[in-house]
Amino acid sequence: MPGAPIRLLGECRIGTGTSEVALQYRKGWAVLAYLAVERGRRHPRTRLAALLWPDLDERAALTNLRQVLSNLNRAVATAVGDGVLQIDRESVRLCPVASAGLFDIDLIDAAGSDGGPDRRVAAWLADAGTLLEGIGFEGCEEFDEWLAECRAWFAQRLSAARERMRDAAAAMGDWRAAVALARQLVAQDPWNEGHQCALMRILAEKGEPDMALACYRKLVHRLQGDLGEVPLRETSELAERIRGACRRKAAPRLRAVGAGQLLSLGA
């Protein structure tokens, strides 16, 4: 999964390692993402041209699209083979068969679904960014609206995949992966107390209750300072259970220290 040769989440790339191929035109990424998301049907060239060059007349927009498609097709063919893009005089589409498994966006829903905490997949999920991250096109309002909706949709799917992989990693005791994914979820949605509680539980189970309680204090400070609110009862109860476990764990050590001091005084 992490080796998907065409990446549209975060830094866009076609190919891996020495086979990576650059696109000549930035709008090639827009065309590729649009075709990948809106797969399963042919898209009229006139529609794509109007979407990406709304200020040009149709002839000029179609000329620009032809140049972009030519470069995009060469790049994809070089990196992964022929037949992925199906282009004719009237329309464009991705071949459903040839493009299967090539795009990272197609692999999100499978991540963590088998319950296995694959570290490579966990690392990929932790680092995956937004769709066409950092790419925008001035004056292409309709495309930008489409992109914003898709980014929100993929963010939800990534969040669900990260939750699955986080829980699978924690269940198997892979604390490094579990903590990384839990922190990623908190950073993505700091107001989600479910994510905060999951991070606290993982840190406590990992043997770092002080860090878990530090996360709780940070949450309390953020809620009070920014919203004038307090954590949910479930969150506060979890913090209290972690404190109680810390006290129970510390008690034998304190008794041992106390006994040692008495022996020293008696001597």
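Values below: all heavy atoms of this structure, side chains included; hydrogens, waters and symmetry mates excluded.
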[X] side chain vs [Y] backbone, donor-acceptor pair below 3.5 Å:
| X | Y | answer |
| --- | --- | --- |
| Lys27 | Val68 | no |
| Arg164 | Asp109 | yes |
| Thr235 | Pro231 | no |
| Thr78 | Arg74 | yes |
| Gln196 | Trp191 | no |
| Arg151 | Leu132 | yes |
| Ser70 | Gln67 | no |
| Asp104 | Leu9 | yes |
| Glu133 | Thr130 | yes |

Should [X] and [Y] be counted in the same cluster of Ile, Leu, Val, Met, Phe, Trp and Tyr side chains packed under 4.5 Å apart?
| X | Y | answer |
| --- | --- | --- |
| Ile105 | Trp153 | yes |
| Leu51 | Ile135 | yes |
| Val186 | Leu223 | no |
| Val21 | Leu23 | no |
| Leu72 | Leu52 | yes |

First locate atom [atom1] of [X], then atom [atom2] of [Y], and finally report the distance between them rounded to the nearest 0.5 Å.
| X | Y | atom1 | atom2 | answer |
| --- | --- | --- | --- | --- |
| Leu199 | Glu193 | CG | CD | 13.0 Å |
| Glu138 | Cys140 | CD | SG | 9.0 Å |
| Leu232 | Cys197 | CG | SG | 7.5 Å |
| Leu102 | Leu94 | CG | CG | 9.0 Å |
| Leu219 | Leu213 | CG | CG | 12.0 Å |
| Leu85 | Leu35 | CG | CG | 6.0 Å |

Just so I know, are the side chains of [X] and [Y] near enough to count as touching, which here means a heavy-atom distance under 4.5 Å?
| X | Y | answer |
| --- | --- | --- |
| Pro5 | Phe103 | no |
| Leu185 | Ser159 | yes |
| Cys150 | Val37 | yes |
| Leu62 | Leu56 | no |
| Ile202 | Arg166 | yes |
| Arg222 | Pro190 | yes |
| Glu38 | Arg93 | no |
| Leu131 | Leu147 | yes |

For Val179, run the side chain to side chain contact (heavy atoms under 4.5 Å, CB included) check against Gln184, Met211, Lys206 and tell me which one passes.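 One option only clears the test, and that one is Lys206.
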Does [X], at its [atom1] atom, have more than 12 non-hydrogen atoms belonging to other residues, nucleotides or ligands within less than 6.0 Å?
| X | atom1 | answer |
| --- | --- | --- |
| Arg176 | CZ | no |
| Glu11 | CD | no |
| Glu237 | CD | yes |

With side-chain hydrogen bond (donor to acceptor under 3.5 Å, both in side chains) as the criterion, how do Ser99 and Arg39 come out once you've worked through the C-alpha distance, each side chain's angles and the decisive distance to 0.1 Å? CA-CA 10 Å; Ser99 65; Arg39 213 170 314 177; 3.3 Å; yes
Carboxylate-amine/guanidinium proximity below 4.0 Å for [X] and [Y]:
| X | Y | result |
| --- | --- | --- |
| Glu142 | Arg47 | yes |
| Arg42 | Asp88 | yes |
| Glu240 | Arg247 | yes |

According to the interplanar angle, ranging from 0 to 90°, do the rings of His43 and Tyr34 count as parallel (below 30°), tilted (30 to 60°) or perpendicular (above 60°)?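 If you compare the ring of His43 with that of Tyr34, the planes turn out perpendicular.
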Taking all heavy atoms of [X] and all of [Y], pick out the closest pair and write down the distance.
| X | Y | result |
| --- | --- | --- |
| Val230 | Gln224 | CG1-NE2, 4.4 Å |
| Pro54 | Gly139 | CG-O, 3.2 Å |
| Ala30 | Phe137 | CB-CE1, 3.5 Å |
| Pro209 | Ile242 | CB-CG2, 3.8 Å |
| Leu8 | Ala36 | CD1-CB, 4.0 Å |
| Ile14 | Ala75 | CG2-O, 4.1 Å |

Give the intermediate values and the outcome of side chain to side chain contact (heavy atoms under 4.5 Å, CB included) for residues Trp175 and Leu203. CA-CA 8 Å; Trp175 301 119; Leu203 289 170; over 6 Å; no
Please step through side chain to side chain contact (heavy atoms under 4.5 Å, CB included) for the pair Ile87 and Arg45, ending with a clear verdict. CA-CA 9 Å; Ile87 305 172; Arg45 284 178 177 244; 3.0 Å; yes
Side chains of Gln188 and Arg162: do they bring a donor and an acceptor to under 3.5 Å?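 Looking only at side-chain atoms, Arg162 and Gln188 do form a donor-acceptor pair, the distance falling under 3.5 Å.
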Tell me whether the NZ or CZ atom of Arg26 lies within the 45° cone about the ring axis of Trp29 and under 6.0 Å from its centre.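 No; the conditions do not both hold, so Arg26 does not lie above the ring face of Trp29.
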